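Accompanying notes for the structure given below.
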Amino acid sequence: MSEELGTLERALEATLFAAEEPMTVEALAAHLGGLEPADVRAALSSLQGHYIARGIHLVERASRWHFETAPDLAHLLRREKEQVRR
């Protein structure tokens with residue numbers, strides 16, 4: 001991986017981690033200083049491959065990118081609701 005791509009991946013990772021909402025490629029490119037969307041897409045694809053076997057995944061839904069818990073671990077984050085019996 002080139003140093004430039006690695007730097008872009010790190011910037012995307014940090015941006016998406018801190019983002020309150022999923023972000024489009026265009027929004028990410030603009031946020032990171034007017035980058036080419038094609039470069040952002042390539043870096044997202046590479047970063048997505050890095051996370052495929054991890055506890056979180058980088059996913060694209062409705063043209064917006066975000067991190068989410070790996071499906072096989074989602075049960076660890078569910079909170080059981082206590083039922084009040086009368």
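Computed from a predicted model, the values in this text were never measured in an experiment. Values reported hereafter were calculated over all heavy atoms of this structure, with side chains retained and with hydrogens, waters and symmetry mates removed.
- Considering CG of Leu58 and CG of Leu44, their distance stands at 6.0 Å, rounded to 0.5 Å.
- No option in Leu8, Leu16, Leu35 other than Leu16 meets the side chain to side chain contact (heavy atoms under 4.5 Å, CB included) test with Leu28.
- Side-chain contact between Leu47 and Glu13: present, with at least one pair of heavy atoms (C-beta onward) separated by less than 4.5 Å.
- Here Ala11 pairs with Leu32 under the side chain to side chain contact (heavy atoms under 4.5 Å, CB included) rule; sequence neighbours left out.
- A ring-ring contact (aromatic ring centres under 6.0 Å, His included) check over residues 26-66, counting only residues at least two apart or in different chains, returns the pairs Tyr51-Phe67.
- Among residues two or more places apart in sequence or in another chain, the salt bridge (charged side-chain N to carboxylate O under 4.0 Å, His left out) test is passed with Arg41 by Glu26.
- In this structure the side chain of Glu9 reaches within 4.5 angstrom of the side chain of Ser46, judged on heavy atoms.
- Ion pairing between a basic and an acidic side chain is recognised when a charged N comes within 4.0 Å of a carboxylate O; Glu21 and Arg64 show no such pairing.
- What you find for Ala70 and Arg54 is that their closest heavy atoms are CB-O, 3.7 Å.
- Listed by chain and number, the residues in a salt bridge (charged side-chain N to carboxylate O under 4.0 Å, His left out) with Glu60 amount to none (sequence neighbours excluded).
- Side-chain heavy-atom separations under 4.5 angstrom define the hydrophobic clusters, and the remaining members of the one that includes Leu76 are Leu73.
- In the hydrophobic clustering (ILVMFWY side chains linked at under 4.5 Å, chained through shared members), Val59 stands by itself.
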